[in-house]
Amino acid sequence: MLLDSKAAAADCLGSPCCSLATCTWCYYQVSRDRYTCPSGYHRVLWTCTSGGFTWGCGECSGNASTCWQGPFNCSIWFRW
């Protein structure tokens with residue numbers, strides 16, 4: 001089975017179901033759900049379900065017209 005590069009990247013952060021775009025953790029201070037993005041990037045947030053749990057998935061996207069195309073600065077995941 002072949003994985004696209006976006007799905008393969010998710011494995012490097014150990015996300016349970018997010019299919020994240022990068023292997024770089026987004027910056028957070030207290031909890032992952034409060035991650036911040038650098039100037040020029042905005043938060044993209046969605047959920048997925050795996051193992052009976054709902055997970056939060058997030059990235060910092062530099063594309064203002066769509067959330068699902070990069071460039072992406074960082075990725076993050078957490079239990080919802």
Side-chain angles (χ1 to χ4, degrees):
M1 181 172 153
L2 297 175
L3 298 175
D4 65 32
S5 61
K6 184 172 175 134
D11 295 340
C12 63
L13 291 182
S15 99
C17 56
C18 291
S19 296
L20 300 169
T22 75
C23 294
T24 303
W25 278 103
C26 291
Y27 176 78
Y28 65 96
Q29 286 188 341
V30 177
S31 62
R32 291 183 190 180
D33 64 329
R34 306 281 185 209
Y35 73 97
T36 59
C37 295
S39 179
Y41 289 85
H42 60 275
R43 286 172 41 119
V44 177
L45 185 65
W46 69 98
T47 61
C48 63
T49 303
S50 178
F53 298 104
T54 299
W55 300 93
C57 312
E59 294 180 317
C60 290
S61 172
N63 191 329
S65 61
T66 178
C67 298
W68 305 111
Q69 295 178 359
F72 297 102
N73 176 268
C74 60
S75 302
I76 199 161
W77 62 272
F78 49 91
R79 189 154 159 203
W80 193 257

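On a predicted model such as this, the values are computed, not experimentally measured, just so you know.
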Query raised in the report: Under a 4.5 Å side-chain heavy-atom rule over Ile, Leu, Val, Met, Phe, Trp and Tyr, are Tyr35 and Trp25 clustered together?
Result: yes

Report task. For Tyr28, check side-chain hydrogen bond (donor to acceptor under 3.5 Å, both in side chains) against everything at least two apart and list the hits. Result -> none

Requested in this report: Find the distance between OG (Ser15) and CZ (Phe78) and round it off to the nearest 0.5 Å.
Outcome: 12.0 Å

Report task. Mind listing the closest non-hydrogen atom pair of Trp77 and Pro16 along with its distance? Result -> CE3-CD, 3.6 Å

Query raised in the report: Excluding sequence neighbours, so at least two apart, what forms side-chain contact (heavy atoms from CB on, under 4.5 Å) with Pro71?
Result: Tyr41

Query raised in the report: Can you name the residues that form a side-chain contact (heavy atoms from CB on, under 4.5 Å) with Thr49, not counting sequence neighbours?
Result: Thr54

Query raised in the report: Just wondering, do Trp46 and Glu59 contact through their side chains at under 4.5 Å, heavy atoms?
Result: yes

**Report entry** Reported OG1-to-CG distance for the pair Thr24 and Leu13, which is rounded to 0.5 angstrom
**Finding:** 7.5 Å

Query - side-chain contact (heavy atoms from CB on, under 4.5 Å) against Cys17, all qualifying residues, sequence neighbours excluded - result: Cys48, Ser50, Trp55

Query raised in the report: What's the shortest heavy-atom distance between Cys26 and Thr36, and which atoms?
Result: CB-O, 4.5 Å

Requested in this report: State which residues pass side-chain contact (heavy atoms from CB on, under 4.5 Å) with Ser61; sequence neighbours excluded, sorted by chain then number.
Outcome: His42, Val44, Asn63, Phe72

Requested in this report: List in chain and number order the residues that pass side-chain hydrogen bond (donor to acceptor under 3.5 Å, both in side chains) with Ser31, two or more places apart in sequence or in another chain; answer none if no residue qualifies.
Outcome: Asp33

Report task. Give a yes or no on whether the backbone of Cys60 and the side-chain of Arg43 come within a donor-acceptor separation of less than 3.5 Å. Result -> no

